2 protein chains.
Amino acid sequence: MSVVLSLKGKKVAVRMKAVSMAADAGEADRKGRKASKETRRQQLIEATIDSLAKRGYSETTLADVADGAGLSRGIVNFHFESKEKLLIATLQAMADEYAAHWQAALDKAGPSAATRLWSLVAADFDRKICTKRKLAAWCAFWGEAKSRPTYQALCGARDVTYHELFVSLCAELKAEGSYAYDAEVTALALSALMEGLWWRLMTGDGFSREKAHGAAIEYLVAVFPRHMSHDGPK
Amino acid sequence: MSVVLSLKGKKVAVRMKAVSMAADAGEADRKGRKASKETRRQQLIEATIDSLAKRGYSETTLADVADGAGLSRGIVNFHFESKEKLLIATLQAMADEYAAHWQAALDKAGPSAATRLWSLVAADFDRKICTKRKLAAWCAFWGEAKSRPTYQALCGARDVTYHELFVSLCAELKAEGSYAYDAEVTALALSALMEGLWWRLMTGDGFSREKAHGAAIEYLVAVFPRHMSHDGPK
DNA sequence: ATATATTGAATGAGTATTCAGCAAGTATCT
DNA sequence: AGATACTTGCTGAATACTCATTCAATATAT
């Protein structure tokens with residue numbers, strides 16, 4: 001019995017460490033047992049993102065998530081109900097965060113099309129969104145998305161609105177600056193470019209957020225020379 | 001005994017069908033038993049690509065591959081040695097095919113930087129390379145690549161040579177046409193754009209190879225107006 | 001005292017891997 | 001040519017293992 005107890009003590013100590021590393025995003029981080037349902041869920045979601053980033057989709061196990069969160073094995077099925085639902089909630093959370101950040105960038109920007117476009121592009125390479133950890137998690141989902149309608153919907157929900165705004169902004173700039181290009185194609189290229197740069201960021205080593213942002217800006221300047229300079233919208 | 005035989009007969013019939021659908025890439029397609037080792041390996045690789053495209057990485061099982069190839073369950077471990085090695089061989093095969101296609105495009109192109117760049121861009125959206133099936137398989141590997149050095153090496157081997165050539169071609173054009181842009185950044189944006197377009201092709205529905213190619217061309221025209229037109233290099 | 005969160009061992013489903021046996025081909029001998 | 005042993009591709013049932021899920025017991029909060 002005493003052996004069991006000392007083992008338990010050890011385990012608890014290990015867990016404390018894991019918890020503090022993984023996610024003390026806690027508002028009311030009531031220690032040990034009682035954390036609010038919502039806090040626990042977020043903690044587990046954070047641990048899931050960690051695991052996805054570290055081990056990839058196919059190697060992410062509930063055991064790893066639980067360990068990462070410093071909790072016991074059965075915990076996920078208690079708070080979510082299945083692995084599938086945990087993953088969907090995780091993707092949902094990331095999509096929500098992305099959308100909020102995107103909306104904030106839009107609100108902060110001025111009214112002109114050039115300012116808004118500039119701001120949206122900048123938002124995508126913002127330090128808050130554009131973490132290696134999060135990009136890796138996105139990547140893990142994307143890799144599975146083609147064969148999973150649910151993931152595809154969540155990954156793509158964003159794309160639709162996003163792309164539509166891009167198209168209308170490009171159209172506006174085209175009208176103002178009488179550029180020759182087709183707005184739809186230009187917008188498509190822009191969002192493809194940004195996705196490709198994200199991709200590079202995940203993979204590449206000597207490749208920074210700033211460099212990626214720079215490449216996106218170069219595109220803006222090349223396509224909308226009468227509206228954009230390297231230092232910002234004119 | 002007779003029951004066993006008739007069952008066998010049925011199974012063989014089913015298999016024949018599967019084989020003819022999946023891959024009769026056979027040179028010396030010696031029927032039934034004796035297909036050369038190499039032929040069998042390729043057949044299994046094709047079935048693996050099918051499975052990856054249809055079910056995604058995490059849901060691809062050896063049973064599914066074997067069924068797809070119309071062969072028995074133990075077959076993969078006989079010809080490859082493990083699932084891991086089959087997947088690596090598959091990725092290798094795709095990378096080889098891509099590289100060969102790319103080299104061919106380079107050889108066919110004229111000597112000028114503009115022609116070569118144009119040809120390389122076209123090659124990426126060629127009907128032979130740019131199949132939904134293959135893109136989906138690439139995608140499956142990419143999703144896992146970040147957490148698997150072996151995959152990353154195979155996916156990325158291409159990128160290094162590829163990107164270096166892009167940079168030098170862009171630098172050449174820059175020198176000829178006295179463009180303002182930094183060649184490295186321009187090349188980076190171009191390859192990111194193309195990766196992003198590939199990505200879109202995998203995912204999107206109402207999005208064709210031609211449209212993607214068009215968007216890439218639009219970028220070339222925008223950045224190198226003195227070298228490129230919508231109909232080809234000047 | 002009751003409700004609620006948490007644990008961790010047990011369960012079971014799915015799947016990679018193994019391997020003994022079978023059958024199609026090939027070589028050798030008579 | 002026919003019979004014989006030998007090689008090699010292939011099969012599929014048995015094995016071993018990983019992991020999601022369950023649940024009775026326990027700890028903690030109100």
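What you see is a predicted model; the values in this text were computed from it and never measured. Keep in mind that the numbers below use all heavy atoms, side chains included, and drop hydrogens, waters and symmetry copies. Proteins get letters first, then strands, A, B, ... in listed order; numbering begins at 1 in each.
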Fill in: Under the salt bridge (charged side-chain N to carboxylate O under 4.0 Å, His left out) test, residues paired with B:Arg209 that sit two or more places apart
none
Worksheet item: By salt bridge (charged side-chain N to carboxylate O under 4.0 Å, His left out), which residues pair with B:Lys108, not counting sequence neighbours?
Response: none
Grab the [atom1]-[atom2] distance between [X] and [N] for me, whole Å please.
| X | N | atom1 | atom2 | value |
| --- | --- | --- | --- | --- |
| A:Leu71 | C:dG8 | CG | P | 10 Å |
| B:Leu86 | C:dT15 | CG | P | 16 Å |
| B:Arg73 | C:dC22 | CZ | C1' | 19 Å |
| B:Asp67 | D:dT11 | CG | P | 11 Å |
| A:His79 | C:dA5 | NE2 | P | 7 Å |
| B:Phe78 | C:dT18 | CZ | C1' | 13 Å |
| A:Phe80 | C:dA5 | CZ | P | 14 Å |
| A:Ile75 | C:dG8 | CD1 | C1' | 11 Å |

Practice prompt. State which residues pass ring-ring contact (aromatic ring centres under 6.0 Å, His included) with B:Trp102; sequence neighbours excluded, sorted by chain then number.
Written response: B:Tyr162
Worksheet entry | Verdict with reasoning, A:Cys139 to A:Tyr57, per side-chain contact (heavy atoms from CB on, under 4.5 Å) | CA-CA 9 Å; A:Cys139 172; A:Tyr57 186 95; over 6 Å; no
Fill in: Residues which pass side chain to side chain donor-acceptor pair (under 3.5 Å) with B:Thr186, listed by chain and number, not counting sequence neighbours
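So B:Thr186 forms a side chain to side chain donor-acceptor pair (under 3.5 Å) with A:Glu218.
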Practice prompt. Can you sort out the partners of A:Glu59 under side chain to side chain donor-acceptor pair (under 3.5 Å), two or more places apart, ordered by chain and number?
Written response: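 Partners of A:Glu59 by the side chain to side chain donor-acceptor pair (under 3.5 Å) criterion come out as none, since no residue qualifies.
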Worksheet item: Once each nucleotide of nucleotides 14-20 of chain D is scored for protein heavy atoms under 4.0 Å, what B/S/- sequence comes out, 5' to 3'?
Response: -----SS
Worksheet item: When you measure from the side chain of B:Ser72, which nucleotide among C:dT7, D:dT11, C:dG8 comes out closest?
Response: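 Side chain of B:Ser72 sits closest to D:dT11.
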